[in-house]
A.B. asks: 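Take this structure first; my questions come after.
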Amino acid sequence: MARRTVAVVVLGLALLTGAVACDGGRDDAANCGTADLRWKATRTSGNGRDAPAAVLSATNKGARRCALDGYPELDAHVGKAQGTTAKPEPGKGDPDRVVLEPGRTADFALFYDPYPSKGYCFMDGFLDPSLYVIPPRPARGDYGTSTELTDAKGRQLPAQICGDDVRIGPARLR
């Protein structure tokens, strides 16, 4: 009986060791930092109310997998004058953790008003607002990077945000 118990314990330990060695569902990816990511903002044909006005993409340019655990901070500003920071869509809560393998991309939908209403635009395109992105849960000393708004063909566009708020959706793997 003692041999049988020892055999079962050894077999159980072997199975457990194998599960850990094969990752066993464990996620050990470190948070993505600015050095790991290439950020890109692409204007879509959406109006910002029913469909995203743009998509913010993060591509893992590193050699190791990393994770996006939360929302990135996207700041749009004109010099020291007006500015806005993207906030999560109401009622969406915290997004799921997304693990990016090297070369993989995650997209965040951006909802904002890109068209002037009644002649007013909070950050008109002729002011050439700057876009700045900080990854979710950045490490100490990770201050993010700037990015540009482009069209679907990669041509630079002036960022134009006519409402005074930007909403960001959860990450979606591409």
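Source: prediction; values computed, not measured. FYI, side chains are in, hydrogens and waters are out, and symmetry mates aren't considered; it's all heavy atoms of this structure.
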A.B. asks: Would you say the side-chain atoms of Thr84 pair up with the backbone N or O of Asp164, donor to acceptor, closer than 3.5 Å?
C.D. replies: yes
A.B. asks: Roughly how far, to the nearest 0.5 Å, is CZ of Arg172 from CG of Asp96?
C.D. replies: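 Spacing of CG (Asp96) from CZ (Arg172) equals 8.0 Å.
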A.B. asks: Determine whether a donor-acceptor pair (N or O, by modelled atom type, separation under 3.5 Å) exists between the side chain of Asp142 and the backbone of Thr34.
C.D. replies: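 Side chain of Asp142 to backbone of Thr34, a donor-acceptor pair under 3.5 Å: yes, one is there.
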A.B. asks: Any side-chain to backbone donor/acceptor pair from Arg104 onto Arg174? Under 3.5 Å, distance only.
C.D. replies: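 Answer holds: yes.
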A.B. asks: Tell me the closest heavy-atom pair linking Pro135 and Cys32, and the distance in Å.
C.D. replies: CB-O, 3.6 Å
A.B. asks: Hey, what do you get for CG (Leu37) to OG1 (Thr145), rounding to the nearest 0.5 Å?
C.D. replies: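 So the gap between those two atoms works out to 10.0 Å.
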A.B. asks: For the hydrophobic clusters of this structure (ILVMFWY residues joined by side-chain heavy atoms under 4.5 Å, transitively), does one cluster hold both Val55 and Ile161?
C.D. replies: no
A.B. asks: Under the 3.5 angstrom rule, does the side chain of Arg43 hit a backbone N or O of Gly46 as a donor-acceptor pair?
C.D. replies: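 Yes, because the side chain of Arg43 sits within donor-acceptor range (under 3.5 Å) of the backbone of Gly46.
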A.B. asks: Distance check, rounded to the nearest 0.5 Å: Leu110 atom CG versus Thr44 atom OG1?
C.D. replies: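 OG1 of Thr44 is found 8.5 Å from CG of Leu110.
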A.B. asks: Which atom pairs, donor and acceptor, lie under 3.5 Å between side-chain atoms of residues 120-132 and protein residues at least two apart or in another chain?
C.D. replies:
residue: Tyr132; atom: OH; partner: Tyr143; partner atom: O; Å: 3.0
residue: Tyr132; atom: OH; partner: Gly144; partner atom: O; Å: 3.2

A.B. asks: Shared ILVMFWY cluster between Ile134 and Leu149, side chains joined below 4.5 angstrom?
C.D. replies: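 No; tracing contacts between hydrophobic side chains, which count when under 4.5 Å, never links both residues.
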A.B. asks: State, with a plain yes or no, whether a side-chain heavy atom of Asp165 is found less than 4.5 Å away from one of Asp113.
C.D. replies: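 Asp165 vs Asp113: side chains apart.
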A.B. asks: Which atoms form the tightest heavy-atom contact between Gly48 and Phe111, and what is the distance?
C.D. replies: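 Here Gly48 and Phe111 meet closest at O-CB, 3.5 Å.
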A.B. asks: Once rounded to the nearest 0.5 Å, what's the spacing between atom CG of Leu100 and atom SG of Cys66?
C.D. replies: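 One finds 5.5 Å between CG of Leu100 and SG of Cys66.
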A.B. asks: Identify the heavy atoms of Asn47 and Tyr115 that sit nearest to each other, and give their distance.
C.D. replies: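 Minimum heavy-atom separation between Asn47 and Tyr115: CA-CE1, 4.2 Å.
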A.B. asks: Check whether Glu101 reaches the backbone of Arg65 with its side chain - one donor and one acceptor, N or O, closer than 3.5 Å.
C.D. replies: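 Flag not set: sc Glu101 to bb Arg65 has no pair under 3.5 Å.
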A.B. asks: Testing the basics here: between Val98 and Ala171, what is the closest heavy-atom pair and its distance to 0.1 Å?
C.D. replies: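 Closest approach of Val98 to Ala171: CG2-CB, 3.7 Å.
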A.B. asks: When rounded to the nearest 0.5 angstrom, what distance separates OH in Tyr112 from CD in Gln160?
C.D. replies: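 That separation rounds to 8.5 Å.
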A.B. asks: Could you measure the distance from the CG atom of Leu56 to the CG atom of Asp107? Nearest 0.5 Å is fine.
C.D. replies: 8.5 Å
A.B. asks: Residues two or more places apart in sequence or in another chain: which of them pass salt bridge (Lys or Arg N to Asp or Glu O under 4.0 Å) with Asp151?
C.D. replies: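 Salt bridge (Lys or Arg N to Asp or Glu O under 4.0 Å) list for Asp151, sorted by chain: Arg155.
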A.B. asks: May I ask you to say whether Asp69 pairs ionically with Arg97, meaning some side-chain N is under 4.0 Å from a carboxylate O?
C.D. replies: yes
A.B. asks: Where do Pro72 and Pro136 come nearest, in terms of heavy atoms and distance?
C.D. replies: N-CG, 3.7 Å
A.B. asks: Identify the heavy atoms of Thr147 and Lys40 that sit nearest to each other, and give their distance.
C.D. replies: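 Closest approach of Thr147 to Lys40, heavy atoms only: OG1-CA, 3.6 Å.
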